A.B. asks: 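Mind looking over this structure? Questions follow.
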Amino acid sequence: IVSGHYSPKKVLFYDYNYNKLTENEISTSGNVTYLCELENNILAIGVYNPYNILLYDISEKEKGIFKEIKTLEGHSGYIKSIIDLNDTYIVSGGQSGSYELFFWNKKNNYSLQKVSGHSSHINCLIKLHEKDTFASCSDDKTIRIWKNTSNIRNINCRIEDRKSGSAGMPRPI
């Protein structure tokens with residue numbers, strides 16, 4: 001079990017009985033905002049201040065420390081979600097002035113491609129069952145469906161009470 005801590009800027013590891021594994025700990029350069037386990041025992045750690053994603057190999061240690069693979073730089077705000085989309089891309093999103101999705105190309109040394117699609121903060125990314133497809137949701141009250149880097153469908157949502165038409169449960173429009 002892995003747990004990220006905003007302060008004191010650490011990732012902690014626990015066994016299945018919730019006992020802290022004191023020999024397994026990662027100190028980070030910024031406050032931890034998101035964790036995502038990628039393929040091949042790679043842990044992606046979103047951090048705040050600086051706004052980076054830290055990649056660590058958690059399958060082995062060098063001199064008692066997990067090996068840091070790479071720091072992904074490019075976000076201009078708080079990282080709220082990271083997914084391991086497929087063999088090619090890691091996708092991330094969050095609070096940034098440009099409201100872009102960040103596609104990190106694993107096959108090209110994690111080169112970055114930014115794709116616009118929302119007009120407000122991106123709150124969540126989730127892989128869908130169809131290959132290379134995922135959804136993003138935003139404060140702009142939309143859910144967008146993506147196939148790799150292409151936006152293929154938009155769903156606009158509003159909050160409406162089914163009886164009175166006032167605030168209540170979200171409903172597609």
Side-chain angles (χ1 to χ4, degrees), residues 1-14 24-59 65-128 132-155 157 170:
I1 300 171
V2 182
S3 173
H5 294 268
Y6 189 77
S7 181
K9 301 178 182 179
K10 290 186 180 192
V11 175
L12 304 176
F13 295 78
Y14 298 86
N24 293 342
E25 189 173 286
I26 298 173
S27 294
T28 61
S29 56
N31 299 314
V32 177
T33 61
Y34 200 84
L35 298 173
C36 178
E37 185 177 353
L38 309 176
E39 63 184 14
N40 300 324
N41 291 312
I42 305 298
L43 181 64
I45 306 168
V47 295
Y48 168 80
N49 200 15
Y51 306 111
N52 294 329
I53 298 172
L54 311 174
L55 300 180
Y56 279 86
D57 181 344
I58 58 172
S59 64
I65 299 171
F66 287 119
K67 181 182 175 186
E68 185 175 353
I69 298 169
K70 189 160 185 79
T71 298
L72 306 180
E73 300 174 345
H75 274 274
S76 60
Y78 188 95
I79 299 162
K80 294 181 95 177
S81 196
I82 303 168
I83 58 170
D84 192 4
L85 181 61
N86 53 30
D87 292 340
T88 305
Y89 293 113
I90 298 169
V91 185
S92 59
Q95 295 179 341
S96 64
S98 59
Y99 312 121
E100 295 168 313
L101 291 170
F102 294 71
F103 289 82
W104 307 93
N105 190 323
K106 295 186 273 186
K107 293 181 177 181
N108 191 14
N109 197 29
Y110 298 99
S111 62
L112 173 60
Q113 178 183 356
K114 296 179 186 179
V115 177
S116 297
H118 287 286
S119 61
S120 192
H121 302 300
I122 298 165
N123 295 312
C124 185
L125 304 172
I126 188 166
K127 286 174 69 169
L128 301 176
D132 303 330
T133 305
F134 70 100
S136 61
C137 71
S138 168
D139 284 347
D140 65 10
K141 299 181 181 137
T142 63
I143 298 169
R144 303 202 186 275
I145 310 299
W146 303 81
K147 180 98 170 163
N148 280 319
T149 60
S150 298
N151 181 205
I152 59 173
R153 184 162 181 226
N154 300 324
I155 302 168
C157 298

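Bear in mind the structure is a predicted one, so any value in this text is a computation, not a measurement.
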A.B. asks: Quick one: list whatever passes side-chain hydrogen bond (donor to acceptor under 3.5 Å, both in side chains) with S120, sequence neighbours left out.
C.D. replies: none
A.B. asks: Would you please indicate yes or no on a ring centroid separation below 6.0 angstrom for Y89 and F134?
C.D. replies: no
A.B. asks: Minimum heavy-atom separation for N105 and K107, please, with both atom names.
C.D. replies: OD1-N, 2.9 Å
A.B. asks: Evaluate whether atom CG of L35 has more than 12 neighbouring non-hydrogen atoms of other residues, nucleotides or ligands under 6.0 angstrom away.
C.D. replies: yes
A.B. asks: Would you give the length of the straight line joining atom CD of Q113 to atom CD of E100, rounded to the nearest 0.5 angstrom?
C.D. replies: 10.5 Å
A.B. asks: Donor-acceptor check, side chain of N151 to backbone of I145, threshold 3.5 angstrom: yes or no?
C.D. replies: yes
A.B. asks: Considering only heavy atoms from C-beta outward, does the side chain of C157 approach that of I155 to under 4.5 Å?
C.D. replies: yes
A.B. asks: Per the side chain to side chain contact (heavy atoms under 4.5 Å, CB included) rule, which among S136, S138, C124, C137 passes with I143?
C.D. replies: C137
A.B. asks: For H75, which residues count as a ring pair (Phe, Tyr, Trp, His ring centres under 6.0 Å) partner, sequence neighbours excluded?
C.D. replies: F102
A.B. asks: Can you find a heavy atom in the side chain of N148 that is under 4.5 Å from one in the side chain of N86?
C.D. replies: yes
A.B. asks: Go through L55 and L72 one step at a time and tell me if the side-chain contact (heavy atoms from CB on, under 4.5 Å) criterion holds.
C.D. replies: CA-CA 8 Å; L55 300 180; L72 306 180; 4.1 Å; yes
A.B. asks: To the nearest 0.5 angstrom, please state how far the CG atom of D132 sits from the CG atom of L85.
C.D. replies: 5.5 Å
A.B. asks: Does some side-chain heavy atom of I122 sit less than 4.5 Å from a side-chain heavy atom of S81?
C.D. replies: no
A.B. asks: Do Y56 and V11 come within less than 4.5 Å of each other through their side chains, counting heavy atoms only?
C.D. replies: no
A.B. asks: Is a side-chain N or O of T28 found less than 3.5 angstrom from the main chain of K9, in a donor-acceptor match?
C.D. replies: yes
A.B. asks: Please enumerate all residues that pass side-chain hydrogen bond (donor to acceptor under 3.5 Å, both in side chains) together with K10, with sequence neighbours excluded.
C.D. replies: E25
A.B. asks: Does anything in residues 80-97 form a salt bridge (Lys or Arg N to Asp or Glu O under 4.0 Å)? List the pairs, not counting sequence neighbours.
C.D. replies: D84-K106
A.B. asks: For S111, give me all partners under side-chain hydrogen bond (donor to acceptor under 3.5 Å, both in side chains), at least two apart in sequence or on another chain.
C.D. replies: N108
A.B. asks: Should E68 and L54 count as side-chain neighbours, where that means a heavy-atom distance under 4.5 Å?
C.D. replies: yes
A.B. asks: Answer yes or no: are there more than 12 heavy-atom neighbours, outside K67 itself, under 6.0 Å from its atom NZ?
C.D. replies: no
A.B. asks: Hey, could you give me the OH/CG distance between Y99 and D140, rounded to the nearest 0.5 Å?
C.D. replies: 9.5 Å
A.B. asks: In Å, rounded to the nearest 0.5 Å, how long is the span from CD1 of I26 to CZ of F66?
C.D. replies: 5.5 Å
A.B. asks: Determine, step by step, whether I79 and T33 satisfy the side-chain contact (heavy atoms from CB on, under 4.5 Å) criterion, reporting the C-alpha distance in whole Å, the side-chain angles of both residues, the deciding distance to 0.1 Å, and the verdict.
C.D. replies: CA-CA 6 Å; I79 299 162; T33 61; 4.0 Å; yes
A.B. asks: Anything under 3.5 Å between a donor and an acceptor, one on a side chain of residues 39-53, the other on a protein residue two or more places apart or in another chain? List them.
C.D. replies:
none

A.B. asks: At what distance, to the nearest 0.5 angstrom, does CD1 of I83 lie from CG of L128?
C.D. replies: 8.0 Å
A.B. asks: Are V2 and E37 side-chain neighbours, meaning at least one heavy-atom pair lies under 4.5 Å?
C.D. replies: no
A.B. asks: Mind telling me whether H118 and W146 have parallel, tilted or perpendicular rings, with 30° and 60° as the class edges?
C.D. replies: tilted
